[in-house]
Amino acid sequence: KTSMKKTLLTIFAVSALSLSACGGGGTEDNAANNEGTDTEKKVLNVGTEATFPPFEFMDKGEVTGFDVDLLNAVAEEAGYEVKIDNTGWDAMFAGLQSEQLDLGMAGITITDERIESYDFSDPYFESKTMVVFKEGVTIEKADDLKGKKLGVQNGTTGQFAAEAVVGQNSPDISKYETAALMFQALQSDNVEAVVTDIAVALEYQKNNPDSGLKTMSDDEEFQSEYYGIAFPKGSELTEEFDAALDTVLDNGTYAEIYQKWFGEEPNVDALKE
Ligand code: ARG
């Protein structure tokens, strides 16, 4: 049945082409577009740092997670395919700067500083800072971070939040290349607490039930932050992805993906404000 359909389409396309060759004009492009599903989509190169569950992590050699599902949905809506590579955090930003990457998707917080160097999509997730530590350590408020050995992922908002409390270049802050290495440092008692993003902190606590991990979030010290898809400055994709994200937020696809990874309904209205 499909091959019959294909044959008919081909006949249609060929006759349209010959029509335009005879001076019909203008139908050529339409004939090509009408083939729809067979059209090759442009493949976009995506960088990420895949040790950040539930947003992105490696599973059987594949990058998977909330960000991956969302990006696939948004890209499809915008008419693109994506090829996601676990480039690492710094290489991702370097790749955006050199335009070797088309976009970065890694739970990246939209910050005033980053906006100077990259374009961002509209927000797709609300986050805030959370501290994770072991039983026996007392951290009840941000101020309690002072004097503690802290671990952060290098160049993240967790680092900036820790520095805001204990001071920039504090010798008490150890910086790790990946989120996974940061959590390993906590597990092996190289640090007393790590400062990271709330959903990642809670996921890690859930996945390590025997580690006796505690969490703390200080609403006075730590403000809401929002994740966005990052693009090279001036990228034409930003607008296309914003429109596609809007559709995915409105048509229930976002809620479906959110349910899958967080087991609850998202507050889409709050996100769009
Ligand atoms: N949201 C934080 C930031 O943008 C941390 C993101 C870390 N992401 C990752 N995939 N390791 O700084």
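Atoms within each ligand, like the ligands themselves, are counted from 1 in listed order.
- Every atom of ligand 1 is numbered from 1 in the order shown, and the set under 4.0 Å from a heavy atom of Gln153 is 7 (C), 9 (C), 11 (N).
- Inclusion of Glu56 in the set of residues having an N or O under 3.5 Å from an N or O of ligand 1 is warranted.
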**Request:** Starting from the C-alpha separation in whole Å, work towards a yes-or-no answer on side chain to side chain contact (heavy atoms under 4.5 Å, CB included) for Met182 and Thr196.
**Result:** CA-CA 9 Å; Met182 171 192 74; Thr196 186; 3.8 Å; yes
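- Within ligand 1, the atoms closer than 4.0 Å to a non-hydrogen atom of Thr156 are 5 (C), 12 (O), numbered from 1 in the order shown.
- Side-chain polar atoms of Glu240 and Tyr80 form a donor-acceptor pair below 3.5 angstrom.
- Checking side-chain atoms of Ser121 against main-chain N and O of Ile229 turns up a donor-acceptor pair under 3.5 Å.
- Near Tyr227, meaning under 4.0 Å from any of its heavy atoms, are these atoms of ligand 1: 1 (N).
- No side-chain N or O of Ser170 forms a donor-acceptor pair with one of Gln168 less than 3.5 Å apart.
- Around CD of Glu256, the count of heavy atoms belonging to other residues, nucleotides or ligands within 6.0 Å does not exceed 12.
- Looking at Met182 against ligand 1, nothing comes within 4.0 Å, counting heavy atoms.
- When each atom of ligand 1 is checked for a heavy atom of Arg114 under 4.0 Å away, the hits are 3 (C), 4 (O), 12 (O).
- Neither the backbone nor the side chain of Phe55 has any atom closer than 4.0 Å to an atom of ligand 1 (non-hydrogen atoms only).
- The nearest heavy-atom contact from the protein to atom 10 (N) of ligand 1 is Glu49 O, 2.9 Å.
- Of the heavy atoms in Asp197, only side-chain atoms (C-beta onward) come closer than 4.0 Å to ligand 1.
- Among protein heavy atoms, the minimum distance from atom 6 (C) of ligand 1 is reached at Gly107 O, 3.3 Å.
- Listed by number with element, the atoms of ligand 1 under 4.0 Å from a non-hydrogen atom of Ile108 are 4 (O).
- Considering only non-hydrogen protein atoms, atom 8 (N) of ligand 1 sits nearest to Ala106 O, 2.8 Å.
- Taking every non-hydrogen atom of Thr157 and a distance limit under 4.0 Å, the qualifying atoms of ligand 1 come out as 1 (N), 2 (C), 3 (C), 12 (O).
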